[in-house]
Number of protein chains: 2
Amino acid sequence: MSKIQQRNRPPTMHDVARLAGVSQPTVSRVLNGNNTQVPISDDTRLKVQQAVDALGYRPNAVARSLRTQRTQTVALMLADISNSFYHPIARAVQDVARQYDYEVLISNSDHIYEYEKHFCEIVLRRGVDGAILVPIHLTTKELDAYALQAHIPFVVLGHHVDHPNMDVVFLDDERATYETTQWLITERGHYRLGYIGVPAVLPPGPRRLRGFNRAMAEANLEVHPDHILQGDFTLEGGKRVAQAMVQRGNLPTALMVANDLMAIGAILAFRDAGLRVPEDIAIVGFDNIPEATIVRPTLTTIAQNPHEMGERLACALFERIENPDITERRVFGTPYELIKRESA
Amino acid sequence: MSKIQQRNRPPTMHDVARLAGVSQPTVSRVLNGNNTQVPISDDTRLKVQQAVDALGYRPNAVARSLRTQRTQTVALMLADISNSFYHPIARAVQDVARQYDYEVLISNSDHIYEYEKHFCEIVLRRGVDGAILVPIHLTTKELDAYALQAHIPFVVLGHHVDHPNMDVVFLDDERATYETTQWLITERGHYRLGYIGVPAVLPPGPRRLRGFNRAMAEANLEVHPDHILQGDFTLEGGKRVAQAMVQRGNLPTALMVANDLMAIGAILAFRDAGLRVPEDIAIVGFDNIPEATIVRPTLTTIAQNPHEMGERLACALFERIENPDITERRVFGTPYELIKRESA
DNA sequence: CGAATACATGAATTCGTTTTCTGAACAAAA
DNA sequence: TTTTGTTCAGAAAACGAATTCATGTATTCG
């Protein structure tokens with residue numbers, strides 16, 4: 001009644017064991033080194049190795065995971081991997097993961113609440129060993145609840161520091177915008193400043209605007225209502241807003257734009273309208289995407305170094321995975337840097 | 001001897017069953033709809049549902065995978081997710097995967113042979129349900145061997161069409177380069193053309209150069225040795241090569257560049273050197289990355305629509321996953337499009 | 001020489017599901 | 001009343017590894 005190659009499923013440890021003339025646990029022990037304290041004779045070790053090679057055996061990660069309760073997988077949720085801000089994060093996370101011999105499951109939330117929740121559900125069901133997320137809609141409470149249920153470390157990149165049970169890399173863009181606006185005022189001598197923001201429903205929107213307003217208020221400068229505008233995130237959006245400004249006249253002498261894509265759109269639109277940047281209007285972006293060095297004039301912008309953020313996120317995560325009883329919660333500020341180029 | 005909440009592990013089906021006063025398989029049947037032909041009474045169905053809700057039960061995907069031999073996961077290997085050509089592919093694959101309720105494991109090969117092999121090993125060990133790869137070094141033979149062992153569909157994006165057991169999306173960049181060179185010659189009247197290539201060790205290198213050479217030969221045009229140059233993939237590399245050309249003098253009137261990043265670098269360098277593009281030198285790139293619309297003059301380039309490729313790859317893969325006995329192998333050509341902008 | 005100690009291995013259990021395979025209860029047909 | 005179906009649900013066996021427990025040999029010690 002010997003089952004001869006039932007189907008042609010991949011070989012299992014039993015197959016290896018049978019060929020080597022040993023028992024299945026012995027094979028397991030040989031393959032996992034002697035992490036268990038049981039010694040193995042060189043003789044069997046050799047026989048097993050030969051059988052493994054002969055059959056081309058590969059351990060089944062699913063079975064192993066079921067038994068060990070570890071998947072050697074981390075999950076990463078970001079808004080959109082094809083966005084210049086996010087893919088360096090993904091890349092960095094993958095690089096760190098490779099060092100730890102982990103695989104990375106990546107999911108795009110597209111700023112959609114349901115997708116963010118869905119991601120957490122997946123994290124729970126699949127038993128990944130850790131998760132990195134860039135949540136927009138998930139509340140602190142929800143996140144915390146998921147992290148507690150999952151019994152695994154969560155690390156977030158975000159605008160809140162008050163997640164009770166997880167490390168966070170804190171995006172302090174309010175401060176960055178504040179200080180950069182100050183710089184435009186005190187170092188560059190601008191006093192009629194404008195601002196193009198992103199939709200207020202997303203955290204970066206109000207935060208960056210707040211930084212701008214605070215700097216203006218502290219300098220006792222008034223902001224003309226015409227000079228506070230809102231775009232979407234796109235280059236086209238930036239163009240449209242800028243064209244509308246030109247149409248209406250009454251331009252500011254400096255313009256803070258809440259992301260580079262719109263800033264570049266604005267530059268292109270202003271130049272097409274015959275204005276000189278930065279002489280007629282100075283422009284500062286936010287993000288320092290690669291395109292910023294390509295547009296002419298090159299874009300002065302606030303750089304956040306997403307690759308470094310990704311590294312921070314991943315390192316924090318793996319530290320916790322390796323050492324699950326780290327108790328104190330960590331908050332990493334994200335250093336920003338004003339990259340001074342030609343546009344301001 | 002009732003185990004009361006042993007640790008606080010997440011609840012299992014047994015826990016749900018106990019609470020609902022039914023057996024564990026019954027819970028399974030309720031949760032999986034009646035895909036099995038066993039009917040369930042509304043009464044038990046309700047009891048189970050309540051128990052599930054009360055415990056916040058979530059099925060354990062690992063255990064399910066072990067039993068069903070499916071992981072609801074596909075793996076994607078590309079060279080570098082933070083490269084403008086690749087991330088739209090990743091994005092497209094993820095989008096299609098979401099429709100099928102699959103997760104995506106993404107890995108960067110960085111054009112490194114060991115990483116490509118490692119990826120295939122991972123695919124085998126983790127029992128993913130399908131794999132999409134953009135191999136550079138893996139030979140047809142190796143790939144085919146892996147696919148056979150894995151018993152799952154492989155789909156590749158690449159320069160060969162001769163993979164016996166898998167669908168392939170074929171990058172016919174030789175033809176694209178050939179036809180575009182023809183266009184420069186016949187439509188634009190250039191006869192002194194140059195070429196900046198990528199390292200020949202990678203498949204696109206020789207293929208694209210071959211297309212260029214073929215078009216030149218067929219037009220009976222000679223290529224001056226000074227006009228065939230090689231860069232790396234980077235913007236800086238493009239700059240350097242262009243600067244060297246300027247230094248040496250004897251410029252061609254049109255320049256085919258094997259990727260956009262280098263083409264953009266070349267444009268920037270030529271303009272910095274006081275040359276007019278396209279009047280003094282016309283430039284055509286390859287890839288149509290977003291930056292191509294931002295540089296001035298905007299870049300004429302060969303567009304390959306990576307997002308669409310990603311969709312093709314993913315759709316082909318999922319068709320096979322859903323229908324494992326598709327026998328005929330499919331080859332999809334990738335349509336290319338010459339995006340005529342200002343630089344040529 | 002008997003007992004204690006390594007040393008090396010196999011048997012049995014477990015991880016949490018899905019999927020047979022059985023069987024009980026009850027209704028409808030003979 | 002007996003037979004034949006239906007309708008439901010539990011018992012048991014996978015899936016492929018890791019791990020605990022038990023056991024059988026050599027080896028060493030008193």
Side-chain angles (χ1 to χ4, degrees), chain A residues 3 6-7 9-48 51-52 55-72 124-127 129 151, chain B residues 3 6-7 9-49 51-52 55-72 124-129 151:
Chain A
K3 330 181 202 175
Q6 172 188 319
R7 306 273 166 159
R9 282 185 297 92
T12 74
M13 272 197 177
H14 281 101
D15 301 325
V16 175
R18 200 175 315 143
L19 181 61
V22 299
S23 74
Q24 173 261 320
T26 301
V27 177
S28 172
R29 288 190 270 254
V30 171
L31 261 43
N32 297 328
N34 58 351
N35 68 359
T36 129
Q37 293 317 344
V38 184
I40 305 276
S41 76
D42 289 347
D43 181 43
T44 41
R45 194 181 297 279
L46 185 68
K47 277 190 300 184
V48 169
V52 164
L55 293 176
Y57 168 78
R58 288 184 184 78
N60 178 319
V62 174
R64 183 201 298 254
S65 291
L66 179 59
R67 184 62 236 246
T68 61
Q69 307 285 31
R70 306 196 101 211
T71 50
Q72 295 289 115
L124 288 180
R125 294 164 119 89
R126 302 181 79 113
D129 299 341
H151 295 302
Chain B
K3 332 182 201 171
Q6 174 186 317
R7 306 270 167 161
R9 281 186 297 92
T12 75
M13 273 197 179
H14 280 100
D15 301 324
V16 175
R18 200 176 315 142
L19 182 59
V22 298
S23 76
Q24 176 260 321
T26 300
V27 177
S28 173
R29 287 190 270 254
V30 171
L31 262 42
N32 296 330
N34 58 350
N35 68 357
T36 130
Q37 292 319 344
V38 184
I40 305 277
S41 75
D42 289 348
D43 181 43
T44 39
R45 194 180 296 281
L46 185 69
K47 278 190 299 184
V48 169
Q49 274 303 351
V52 165
L55 294 176
Y57 168 77
R58 288 186 185 77
N60 178 321
V62 174
R64 182 201 299 250
S65 291
L66 178 59
R67 182 62 236 250
T68 61
Q69 307 285 33
R70 306 196 100 210
T71 50
Q72 296 289 114
L124 288 179
R125 295 164 118 88
R126 301 180 81 110
V128 300
D129 299 341
H151 295 301

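Naming convention: chains lettered A, B, ... in sequence-line order (proteins, then strands); numbering from 1 in each chain.
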Check whether any side-chain nitrogen or oxygen of [X] sits under 4.0 Å from OP1 or OP2 of [N], and answer yes or no.
X	N	result
A:Arg9	D:dG16	yes
B:Gln69	D:dG16	yes
B:Asn60	C:dC15	no
A:Ser28	D:dA18	yes

Of all residues at least two apart in sequence or in a different chain, which pass the side-chain hydrogen bond (donor to acceptor under 3.5 Å, both in side chains) check with A:Arg58?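 side-chain hydrogen bond (donor to acceptor under 3.5 Å, both in side chains) list for A:Arg58, sorted by chain: B:Glu121, B:Gln149.
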
Could you tell me the separation between the [atom1] atom of [X] and the [atom2] atom of [N], rounded to a whole number of Å?
X	N	atom1	atom2	answer
A:Met13	C:dG10	CE	C1'	15 Å
A:Asp15	D:dG16	CG	P	9 Å
A:Gln72	D:dA17	CD	C1'	14 Å
B:Leu124	D:dA17	CG	C1'	17 Å
B:Asn32	C:dT20	CG	P	13 Å
A:Arg70	D:dA18	CZ	P	14 Å

At their closest point, which heavy atom of [X] faces which heavy atom of [Y], and how far apart are they?
X	Y	value
B:Arg9	B:Thr12	NH1-CG2, 4.2 Å
B:Arg45	B:Ile40	NH2-CB, 3.4 Å
B:Ser23	B:Ala17	C-CB, 3.6 Å

For [X], all residues meeting side chain to side chain contact (heavy atoms under 4.5 Å, CB included), sequence neighbours excluded:
X	answer
A:Pro59	A:Tyr57, A:Arg64, B:Arg125
B:Thr71	A:Val62, B:Ser65, B:Thr73, B:Val128, B:Asp129
B:Leu55	B:Pro11, B:Asp15, B:Val16, B:Leu19
A:Asp43	A:Ser41, A:Lys47

Letter by letter from the 5' end, nucleotides 6-13 of chain D scores (B base, S sugar-phosphate only, - none; protein heavy atoms under 4.0 Å) -SSBBBBB

Bend angle of the helix from C:dC1-D:dG30 to C:dA30-D:dT1 from five-pair axes at both ends, rounded to 10°? 60°

Just verifying a value: how many Å separate A:Arg67 CZ and A:Asn60 CG, rounded to the nearest 0.5 Å?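 Reported value, rounded in 0.5 Å steps: 15.0 Å.
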
Side chain of A:Ala63 - closest among C:dT17, D:dA17, D:dC15: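 Of the candidates, D:dA17 comes closest.
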
Among D:dA18, C:dT18, D:dG16, find the nucleotide with the atom closest to the side chain of A:Arg64.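 Within the option list, the nearest is D:dA18.
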
Is A:His14 touching bases, backbone alone, or none of the nucleic acid, heavy atoms closer than 4.0 Å? nothing

